[in-house]
Amino acid sequence: MVAIKRVIDYAVKIRVKPDKSGVETSNVKMSMNPFCEIALEEALRIKESGRASEVVAVSAGPAQCVDTLRTGLAMGADRAIHVEFPGTLYPLSIAKILKALVDAEKPGLLLLGKQAIDDDCNQTGQMIAGLLKWPQGTFASKVVLDEENKVATVDREVDGGLETLCLDLPAVITTDLRLNQPRYATLPNIMKAKSKVIKKLTPQDLNVEIRSDLEVVQVTEPPKRKAGLILSSVDELIDKLKNEARVL
Ligand code: AMP
């Protein structure tokens, strides 16, 4: 199972709403979160290597999440589940929704992006692993599954280099940038995806109560950075570091 989130496209310049209640999302291009594309690509490769029988893409959020799920189906997912909720969903609510879906679907592996590029929370994978009491391998840059022994070997990108973990399956894995290069959906697959099934559910169907423990007080743009300077010599640089920045 792969959790995919619909976010503002990475190439869009984010604008804060005039009333500072959030960022502008109307008439803005939305796409699949890039780390979720990587998670889906990894799931597809696992299936193509014969180590999984099916890839199920799941997404929670407003009605338009269906477009993102269709993209996932066009990339190669077999079926999709949309948990429709019009309001804001924070990581703990998503983790509870995913837990209910895992309990129902019983996947052998749950893949997520390491973070969503809209809120940069980097929490959902860790929370769902905690709720499920499953082992977790976060920031994965390499995943090797051993079906026979029911273990996954995960290389993780950590501050000092790479850490290798051996996880008992089922497990939660969150994907980092260098894990793979996601495929593009081809036109025939986009056409085929139109007839694949997207099951619709609500949090109530899953007995999940959505509570918001967070309140967004205000969203503001970061302060504008001053333009840089091009210096003509090392002497000039040293002079500025000594007399202006006063760091030498
Ligand atoms: P976050 O903890 O918000 O940075 O998100 C990390 C990952 O959790 C994402 O890359 C997705 O795999 C998953 N996720 C977060 N929000 C959703 C959502 N609304 N629907 C499905 N998956 C989600």
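Just follow the structure's listing: the first ligand is 1, and inside any ligand the first atom is 1.
Of all protein heavy atoms, the one closest to atom 16 (N) of ligand 1 is Lys5 CD, 3.2 Å. Protein heavy atom in closest approach to atom 19 (N) of ligand 1: Ala60 O, 2.8 Å. With hydrogens left out, the protein atom closest to atom 3 (O) of ligand 1 is Asp119 OD1, 3.3 Å, a heavy atom. Looking from atom 12 (O) of ligand 1 to the surrounding protein, the closest heavy atom is Ala3 O, 2.7 Å.
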Using residues 188-199 as the side-chain source, report each donor-acceptor pair under 3.5 Å to any protein atom, sequence neighbours left out, with the distance given to one decimal.
| residue | atom | partner | partner atom | Å |
| --- | --- | --- | --- | --- |
| Asn189 | ND2 | Thr186 | OG1 | 3.2 |
| Ser195 | OG | Lys192 | O | 3.0 |
| Lys196 | NZ | Leu73 | O | 3.0 |
| Lys196 | NZ | Ala77 | O | 2.7 |

For residues 80-92, please give each side-chain donor-acceptor pair under 3.5 Å, one per line with the distance, not counting sequence neighbours.
| residue | atom | partner | partner atom | Å |
| --- | --- | --- | --- | --- |
| His82 | ND1 | Lys200 | NZ | 2.8 |
| His82 | NE2 | Gly61 | O | 3.0 |
| His82 | NE2 | Pro62 | O | 3.2 |
| Glu84 | OE1 | Lys200 | NZ | 3.4 |

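No side-chain donor from either of Ser141 and Arg156 sits under 3.5 Å from a side-chain acceptor of the other. Side-chain contact annotation: Thr220 with Gln218, donor-acceptor N/O pair under 3.5 Å absent. One side chain, Asn180 or Glu42, offers a donor N or O that lies under 3.5 Å from an acceptor on the other.
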Query - Evaluation steps, side chain to side chain donor-acceptor pair (under 3.5 Å), between Asp119 and Gln115 - result: CA-CA 8 Å; Asp119 51 22; Gln115 72 194 65; over 6 Å; no

Query raised in the report: Checking salt bridge (charged side-chain N to carboxylate O under 4.0 Å, His left out) for the pair Arg79/Glu105: CA distance, chi angles, key distance, verdict?
Result: CA-CA 12 Å; Arg79 59 190 173 92; Glu105 294 282 333; 2.6 Å; yes

Query raised in the report: Does the pair Glu48 and Arg51 meet the rule for a salt bridge (charged side-chain N to carboxylate O under 4.0 Å, His left out), with working shown?
Result: CA-CA 7 Å; Glu48 285 160 1; Arg51 292 190 189 87; over 6 Å; no

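Each of the following atoms of ligand 1 lies closer than 4.0 Å to a heavy atom of Gln123: 2 (O). Listed by number with element, the atoms of ligand 1 under 4.0 Å from a non-hydrogen atom of Cys121 are 1 (P), 2 (O), 3 (O), 4 (O). In summary, the atoms of ligand 1 found under 4.0 Å from a heavy atom of Ser59, numbered by their order in the structure, are 20 (N), 21 (C). The ligand atoms of ligand 1 that sit less than 4.0 angstrom from a heavy atom of Ile4 are 20 (N), 21 (C), 22 (N). Listed by number with element, the atoms of ligand 1 under 4.0 Å from a non-hydrogen atom of Leu112 are 8 (O), 12 (O), 13 (C).
Of the candidates Asp118, Ile94, Thr68, Ile94 brings a heavy atom nearest to atom 17 (C) of ligand 1. In this structure, of Gly61, Cys36, Ser93, the residue bringing a heavy atom nearest to atom 11 (C) of ligand 1 is Cys36.
Within 6.0 Å of atom NZ in Lys150, 12 or fewer heavy atoms from other residues, nucleotides or ligands are found, so the atom counts as exposed in its surroundings.
Remark: distances from the non-hydrogen atoms of Gly125 to ligand 1 are all 4.0 Å or more. Under a 4.0 angstrom heavy-atom cut-off, Ala39 registers as lying outside contact with ligand 1.
On a distance-only criterion, Gly113 and ligand 1 share at least one N/O pair closer than 3.5 Å. At least one N/O-N/O distance between Ala116 and ligand 1 falls below 3.5 Å. Note: no N/O pair closer than 3.5 Å links Phe35 and ligand 1 by distance alone.
Heavy atoms of Leu89 found under 4.0 angstrom from ligand 1: none, in either backbone or side chain. At a 4.0 Å heavy-atom cut-off, ligand 1 touches Asn122 through the backbone alone. Using a 4.0 Å cut-off between heavy atoms, Thr124 contacts ligand 1 through both its backbone and its side chain.
Using a 4.5 Å heavy-atom cutoff, the side chains of Asp103 and Leu101 are not in contact. At a threshold of 4.5 Å between non-hydrogen side-chain atoms, the residues Val58 and Met1 count as touching.
The two residues Thr68 and Ile4 have their closest heavy-atom pair at O-CD1, 3.9 Å.
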